[in-house]
Structure formats: structure tokens, C-alpha cells
Visitor: 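First the structure, then my questions, so here it is.
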Amino acid sequence: MIPRLKPDLKISDLVSAFSFWKKNSVEKFEEAFAKKAGHMYAVAFPYGRTAMMILLQALGLKNKEIICPAYTCVVVPHAIVFSGNTPVFVDIEDSGFNMDLIAAEKLITKNTGALIATSIFGIPVNLEQLREIKRKHPNLIIIQDCAHSFMADWSGEKVHKEGIAAVFAMNISKHIHSIFGGMITTDNKDLAQKIREESEKTLNPAGLMKSFKRLLYLIAIYPTFFSPIYTLVNFLERHKLLGSLTDQFDQGIVMPTDYKDTMTEIEARVGLSQLERVDEIIENRRKIGAYYQYALKGFKKLKPQSMIEGATYSHFVAITEFRREIMDFCLKRGIQIGQLIEYSVPDLKYYQDLPGTKIDCPKARHICSRTINLPVSCSKKDAEKTIFALNEFFRDRGVLNES
Ligand SMILES: *Cc1c(COP(=O)(O)O)cnc(C)c1O
């Protein structure tokens, strides 16, 4: 089975996890992360969503409107709500998956606290447009959500450098992982200080039990992503016999029970080990992404994400009317196709119930039922198999692709 998402797992990560004699790993991870990002400061968190919540609090934002994409991971608006603020959703661009920045600008009011720029699927946010907004609204706080876009650049410039701070997420579906985890990076000394204070006030030191659970989780996922076992896991997942690997977006505005427990030393050690390979990981994804771009050119009923220099492909996404059919067809051939992100946040029932967030985002609604994502953390051979299966799917349907 070729999985739709696959963490980069090496035995060295497991060895790092078990290196119990190593001390101050969280601090070391923060230092190494800041260095890699080219930022002065980095602060680690148990989840990306916790990082986002603490950042908004550290910025002193309360009862403010936070502008964010409608088409993003649901945990981002959750973090906004938990920080005591209200999300204001922005629809996607005409051709693309990122937030429409021209529409975003129109939503800026005197109540706006910040704008969360997101490079979804690793597609870099348009920094020129973002700078234009900043020029017109010099006091606007811009936050980069880089959960999907580790090291992505727009015209040669790193997107995470544009704004007051950047938030990263490191669960096993991201470029690199620290089992679970989040990070804020910034060059602003006062803000870094406030983030530390806010996090000491809000978070509890992780206990032994959490460390033990994280270690078990890591041991469990290691064999999981090797082919035959993954087939079994996929079966269990599809039959809803396994909760933890699937994204839960239908449970209301809630956080995981341990979202306020600090990152464990074990996680930091795994993160450090992964960080050493991040360039390699990104390079491979770019190579597979470029191959898909080339191979899907002649497809008539499947539109791949635009080819943008600097994208880091947390996912390779395409739009098609045949999502369900393609997923079923490929699964029978041992290829798992994903359907990320399959919702537009303002359409989720519990966000419709939230006062002040009733914003219609028809473009996000339209694509969220039509996106598929192809395996991208895989070998060239697996990518070729995927293209072969997609070709076969359309040929069976009498849709002839141009070669
Ligand atoms: C994964 C993700 C986050 C944060 O994720 P956590 O699960 O809280 O670590 C934030 N933004 C986006 C766009 C994401 O995909």
C-alpha cells in the first residue's frame, strides 16, 4: 500500500527518542529550529494550535477579529476562539488554494487584531500582495501559519520571515515531526519574552505519563507505515476502528485534553533528529511534485495545483469531479489517495452557530468536495504507479488525456 501521507521515519529518530541521558532537549530543539528558520528566537509547544493560541495571547489580542483562511486546518480557528478572539474567514483565490488577499484586505476594520497568512499545502503565500496590505495598514499584525510550508519561498524569499512571527506544526503529517509539536519563531525580542511568560502562565510541565504515551505512539507508528501493516491500518481506519490517525473536524470547537502540557523531551529529541534531514525531505517532495506537475499536464478532468517555484509540497493537490471514484479505484490498486482538506471552516455547523462568523465563502465550498491529494512523501516509482493508475481510471471512463 502506498500511503497518502507518510512521515519520514528513520531508525535514528527512534534511537534519539530513547536517548534518555540527553538533557535540555527542548531548549536545544528551539535553538536548532531558530537557526534553521533564520530567526532569533524559537519557542516550542505541544501542538501548532497551542502555539497559535499562545501567540495571540502574547500579542495582547482579546475580543478582536482575526482574519484567517476559510480553507485551512480547522484547528487554526479553534485556536483563535480559545485565545478569546473571533475568526473572520476569507475565501480562496480564483485559481489556487490560498486565501484571497485582496478580499482579506477589504475585511480589515478597527476591530481587526491580526491577519493569519497561510501557505496551504506548501504553496507560498503571495508576499507582494501581503506587503501591499502592510503598506496600506502599517499597524496590522501579520502572522505566518507555516504548518504546511516549512521553508517555502516566494520569489526566493522565505515566507515565514514576513510578519511578526511564524507558527509551525510538527505532527506526523507535516514535513518533519516531533511526534506532536508546534513552534513559534520570531525576531522580536519583546514578543519572544511575552510568549515565554504567557506559556509559563498557561502551560503545565509535561508529566511522565505524557512522555510514556508519546513514546508508545512513536513505537506504534514506526511499523505502521511499512507496506503490509499500513494495509491493515488503512482497513481499520476506513471501518472507523481507529480514531487517532484520522483528522477529527466534526467534534465542535474543542482542543485535545493535553493541549496545555508542554512538549516532552522525547518529542524534542525526535524533532532534532528530523530537523537534521529537513532539506533532504523537502528536496524529495519537490522532486515528486515536479514530476506530478509534468505527468498531469494533459489531464482533462483533473486539475493539479499551480506550479509555483518555491512550493514545498506538504501535499500535492488536484481538483476533480471524480474524487470518490478515484479514491476507490486507486485503493484497489494499493494506492491511497487523500481528500485533504474536505471542508470549508465557515460551513461547519459549529462555526455557523458562532456569532459574527457567518461569512459566505463559495469558492472554498466548491473545491473542498473536489480536492484529492496524491502520495508525495514517496519514491519516484510510487509516484509513477499513481500516475499510471490515474491514467487507467480516466481511460476506463473514455476520457482521453493528451500526451
Ligand atoms: C496541522 C496544521 C496546524 C497545527 O496543527 P496541530 O495539529 O495543532 O499541531 C496549523 N495550521 C495548519 C494549516 C495545519 O495544517
Side-chain angles (χ1 to χ4, degrees), residues 4-5 7 29 33 43-56 66-83 87 89-90 92 97-99 114-125 143-150 152 159-160 163 165-185 199 203 214 217 221 243-249 251 253-264 267-268 270-271 274 311-317 338-345 364 368 371 373 376-377:
R4 71 197 145 96
L5 303 166
F29 186 32
F33 202 99
V43 186
F45 289 88
Y47 294 91
R49 63 198 88 175
T50 310
M52 186 62 82
M53 179 188 84
I54 297 283
L55 176 59
L56 295 171
I66 310 294
I67 298 174
C68 72
Y71 193 63
T72 188
C73 182
V74 73
V75 306
V76 177
H78 286 6
I80 295 171
V81 172
F82 271 72
S83 73
F89 297 107
V90 186
I92 54 169
F97 299 97
N98 278 331
M99 173 165 91
L115 180 147
I116 299 178
T118 309
S119 299
I120 207 81
F121 307 137
I123 304 163
V125 62
I143 296 168
Q144 290 288 347
D145 178 351
C146 294
H148 280 180
S149 54
F150 205 96
V159 293
H160 68 263
V167 172
F168 296 85
M170 293 166 291
N171 64 45
I172 61 166
S173 73
K174 315 292 185 188
H175 283 98
I176 59 165
H177 73 89
S178 47
I179 313 182
F180 288 91
M183 194 73 81
I184 301 175
T185 63
S199 109
L203 308 186
R214 287 295 190 262
Y217 180 84
I221 62 168
S244 60
L245 273 178
T246 42
D247 241 339
Q248 289 144 6
F249 60 86
Q251 297 184 342
I253 306 173
V254 292
M255 289 281 197
T257 50
D258 59 357
Y259 82 107
K260 282 186 177 175
D261 299 341
T262 56
M263 176 183 278
T264 63
E267 288 173 301
V270 173
Q274 290 257 315
T312 48
Y313 297 103
S314 65
H315 308 79
F316 187 96
V317 181
Q339 53 176 349
L340 215 69
I341 296 169
E342 65 268 50
Y343 52 82
S344 165
V345 181
C368 75
T371 47
N373 63 288
V376 74
S377 48

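Atoms within each ligand, like the ligands themselves, are counted from 1 in listed order.
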Visitor: N or O contacts of ligand 1 with protein under 3.5 Å, please list pair by pair.
Guide:
unit_1, atom_1, unit_2, atom_2, d
ligand 1, 7 (O), R49, NH2, 2.8
ligand 1, 7 (O), N171, ND2, 3.3
ligand 1, 8 (O), G48, N, 3.3
ligand 1, 8 (O), R49, N, 2.8
ligand 1, 8 (O), R49, NE, 2.7
ligand 1, 9 (O), G48, N, 2.7
ligand 1, 11 (N), D145, OD1, 3.3
ligand 1, 11 (N), D145, OD2, 2.8
ligand 1, 15 (O), H148, NE2, 2.8
ligand 1, 15 (O), K174, NZ, 2.7

Visitor: Using 0.5 Å steps for rounding, measure from the SG atom of C68 to the CE atom of M99.
Guide: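 Result: 7.5 Å between the selected atoms.
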Visitor: Please enumerate all residues that pass side chain to side chain contact (heavy atoms under 4.5 Å, CB included) together with P77, with sequence neighbours excluded.
Guide: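 So P77 forms a side chain to side chain contact (heavy atoms under 4.5 Å, CB included) with T72, P87, F89, V345, Y351.
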Visitor: Residues in side chain to side chain contact (heavy atoms under 4.5 Å, CB included) with A79, at least two apart?
Guide: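 A79 satisfies side chain to side chain contact (heavy atoms under 4.5 Å, CB included) with R49, M52, M53, M255 once adjacent residues are dropped.
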Visitor: Who are the salt bridge (charged side-chain N to carboxylate O under 4.0 Å, His left out) partners of D258, not counting sequence neighbours?
Guide: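 Only R214 meet the salt bridge (charged side-chain N to carboxylate O under 4.0 Å, His left out) criterion with D258.
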Visitor: How close do R4 and N373 get, counting heavy atoms only, and between which atoms?
Guide: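 Heavy-atom minimum between the residues: O-ND2, 3.9 Å.
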Visitor: With under 30° as parallel and over 60° as perpendicular, where do the rings of Y217 and F180 fit, or are they tilted in between?
Guide: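 Geometry flag for F180 against Y217: tilted rings.
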